[in-house]
Amino acid sequence: MANRNVPIPRRQLYIGGEWREPVKKKRIPIINPATEEIIGDIPAATAEDVDIAVEAARKAIARDDWGSTTGAQRAKYLRAIAAKVLEKKSVLATLESLDSGKTLFESAADMDDVAGCFEYYADLAEALDSRRKIPVNLNSDSFKTYVLREPLGVVGLITPWNYPLLMAIWKVAPALAAGCAAILKPSELASITCLELGEICREIGLPSGALNILTGLGPEAGGPLASHPHVDKISFTGSGPTGSKIMTAAAQLVKPVSLELGGKSPIVVFDDIDNLDIAAEWTLFGIFVNTGQVCSATSRLIVQESIASAFLDRLLKWTKNIKISDPLEEDCKLGPVVSAGQYEKVLKFISNAKSEGATILYGGERPQHLKKGYYVQPTIITDVNTSMEIWKEEVFGPVLCVKTFKTEEEAIELANDTKYGLAAAVMSKDVKRCERFTKAFQSGIIWINCSQPTFNQLPWGGKKRSGFGRDLGEWGLESFLNIKQVTEYTSAEPWAFYKSPSKN
Ligand SMILES: NC(=O)C1=CN([C@@H]2O[C@H](COP(=O)(O)OP(=O)(O)OC[C@H]3O[C@@H](n4cnc5c(N)ncnc54)[C@H](O)[C@@H]3O)[C@@H](O)[C@H]2O)C=CC1
Ligand SMILES: NCCCC(=O)O
Ligand code: NA
């Protein structure tokens with residue numbers, strides 16, 4: 001077991017390059033979901049602190065040491081942050097697990113991904129220097145033009161608890177690469193590692209105000225950020241209802257938003273797969289990784305009737321083999337869900353499914369051997385119909401619901417039978433069929449013969465009620481840039497649209 005006694009730093013808000021007590025001096029307890037114990041506290045920002053942070057960000061943009069940097073100069077800061085994350089990886093991973101319940105293996109992988117994301121955007125920041133000013137030929141003797149890519153300005157980044165530091169970095173890294181000044185508002189349910197990012201920025205000497213970190217409650221800290229007149233964009237990942245509130249607040253000021261709002265993603269398994277075990281493992285990974293708290297979780301299994309019984313049998317064998325324990329224990333593969341609220345919510349989904357007539361094929365309860373902590377067994381639900389809540393709503397927990405199909409048309413119809421459109425997976429060895437599904441799936445992310453692998457280079461986001469806009473890849477950088485056209489009249493001749501007064 002990793003050292004559970006890693007001290008939890010007592011931090012303040014990170015504003016203008018300094019630790020600063022919240023104006024109202026309030027704090028929020030940190031709860032370890034594996035033990036239900038309070039292990040520390042975080043500062044609770046309010047509108048007053050948002051004002052101070054926005055001012056610090058505006059000053060950073062106005063100052064040469066941030067506002068006039070080249071991409072290559074910003075890349076140096078991003079690489080220094082990446083190196084510090086790797087240097088502190090073991091402590092950061094332990095803190096992430098203590099705060100969120102994530103298995104230590106997954107937290108450590110997240111820290112590698114965090115460093116990788118900073119390095120990836122360092123490369124893109126450098127490349128931006130040659131793309132910053134692009135001449136456009138108009139085939140005109142009278143006009144010379146070019147297009148500039150410039151930082152959008154002050155950006156608000158509101159992020160969730162399921163990948164506390166990684167989801168923040170998917171926005172922080174491209175925002176800094178673009179040259180924006182950012183205000184990060186992580187989730188009050190898991191903020192420790194985001195505050196430690198503040199300490200890293202201080203240690204590497206990131207110019208003050210380029211990144212500000214405000215922990216606090218959604219309505220009290222996130223709300224004022226979303227509606228602040230001097231915040232030029234909000235990038236949000238989280239729940240649909242909160243995304244909708246943020247969009248409403250931003251709409252009052254015609255402030256651009258990008259929203260990544262989760263889903264109810266399908267995984268379609270055909271009877272032509274060669275190896276049931278390989279397909280079974282991907283199916284379980286698609287829903288049980290991070291205890292199912294993944295926006296792209298493939299939470300609806302749609303399996304061809306002819307192999308349904310054999311496939312479910314295989315799924316059960318693999319599921320029974322999953323180690324559920326304290327996330328710091330070696331080989332733990334399923335930790336607790338993040339909070340008491342999430343635990344109650346997941347169990348309620350399961351009991352509602354039961355009362356609507358579905359069958360709990362496996363799991364559905366707290367594991368017998370764990371008396372404390374917000375643990376839920378990996379759960380597989382069958383006899384599901386398309387009007388049931390468990391088919392329609394995002395659970396955000398380790399709960400897979402299953403339906404069978406006979407024909408390809410039926411499978412596509414079931415896969416798209418959702419208000420969401422984030423991800424979708426198909427398992428089949430028929431290449432043409434996979435191409436047909438790639439076209440037919442109404443979503444932003446398609447996985448073929450796998451589920452969940454995620455790469456910095458690829459756009460991440462959805463359609464329908466999963467939101468709009470993209471994190472990651474070059475699209476993640478573009479979302480923090482303003483495109484400015486510059487048009488110059490180069491002719492010595494008059495424009496001659498109006499009659500010249502000298503000709504009267
Ligand atoms: N798509 C995803 O990645 C996620 C989906 N969820 C889903 O959402 C459900 C609720 O979880 P929550 O933690 O309550 O998610 P949430 O969407 O309310 O929280 C995400 C972020 O938004 C902030 N926030 C909340 N209310 C706000 C407001 N009025 N204005 C501005 N910011 C606000 C939160 O403080 C947090 O930083 C979960 O049970 C899960 O189903 C939760 C987290 C991530
Ligand atoms: N594999 C990362 C998934 C991130 C998300 O839940 O949005
Ligand atoms: Na926590």
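All ligand and atom numbering here is 1-based and tracks the order in the structure. Quick caveat: nothing in here was measured; it's all calculated off a predicted structure. Numbers here are sequence positions counted from 1.
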Lys/Arg cation over aromatic Phe396: Lys345, 6.0 Å, 45° cone: no
Basic-acidic side-chain contact under 4.0 Å: Glu478, Arg470: no
Angle class for the His228/His230 ring planes (parallel below 30°, perpendicular above 60°, tilted otherwise)? tilted
Is Ile192 close enough to the Na ion (ligand 3) to have an N, O or S atom under 3.0 Å? no
Tyr343 and Arg366: side-chain donor and acceptor closer than 3.5 Å? yes
Among non-hydrogen protein atoms, atom 4 (C) of ligand 2 lies closest to Met167 CE, 3.3 Å
Under-4.0 Å salt bridge between Lys88 and Glu196: no
Within the 4.0 Å heavy-atom cut-off around ligand 1, the contacting residues, ordered by chain and number, are Ile158, Thr159, Pro160, Trp161, Asn162, Lys185, Pro186, Ser187, Glu188, Gly218, Pro219, Gly222, Gly223, Phe236, Thr237, Gly238, Ser239, Thr242, Lys245, Ile246, Leu261, Gly262, Cys295, Gln342, Lys345, Glu394, Phe396
Tell me yes or no: between the side chains of Thr46 and Glu48, is some donor less than 3.5 Å from an acceptor? yes
Under 3.5 Å, is there a donor-acceptor pair linking the side chains of Gln442 and Lys463? no
With atoms numbered from 1 as shown, which atoms in ligand 2 lie under 4.0 angstrom from a non-hydrogen atom of Val294? 3 (C), 6 (O)
Does Thr237 have a non-hydrogen atom less than 4.0 Å from ligand 2? no
Quick check on Gln293 - does any of its heavy atoms sit under 4.0 Å from an atom of ligand 2? no
Below 3.5 Å, N or O to N or O, backbone or side chain included: is there any such pair between Glu260 and ligand 2? yes
Charged tip of Lys233 within 45° of Phe480 ring normal and under 6.0 Å: yes
Results of side chain to side chain donor-acceptor pair (under 3.5 Å) for Ser443 - residues two or more places apart only: none
Any N/O/S of Gly101 under 3.0 Å from the Na ion (ligand 3)? no
Against heavy atoms of Trp460, which atoms of ligand 2 measure under 4.0 Å? 3 (C), 7 (O)
among protein heavy atoms, the one nearest atom 1 (N) of ligand 2 is Thr454 OG1, 3.3 Å
Asn162 N/O under 3.5 Å from ligand 2 N/O: yes
Is there a donor-acceptor contact under 3.5 Å from the side chain of Ser258 to the main chain of Gly469? no
For ligand 2, is there an N or O atom under 3.5 Å from any N or O atom of Cys295? yes
With distance as the sole criterion, is a donor-acceptor pair present between the side chains of Ser97 and Thr94 under 3.5 Å? no
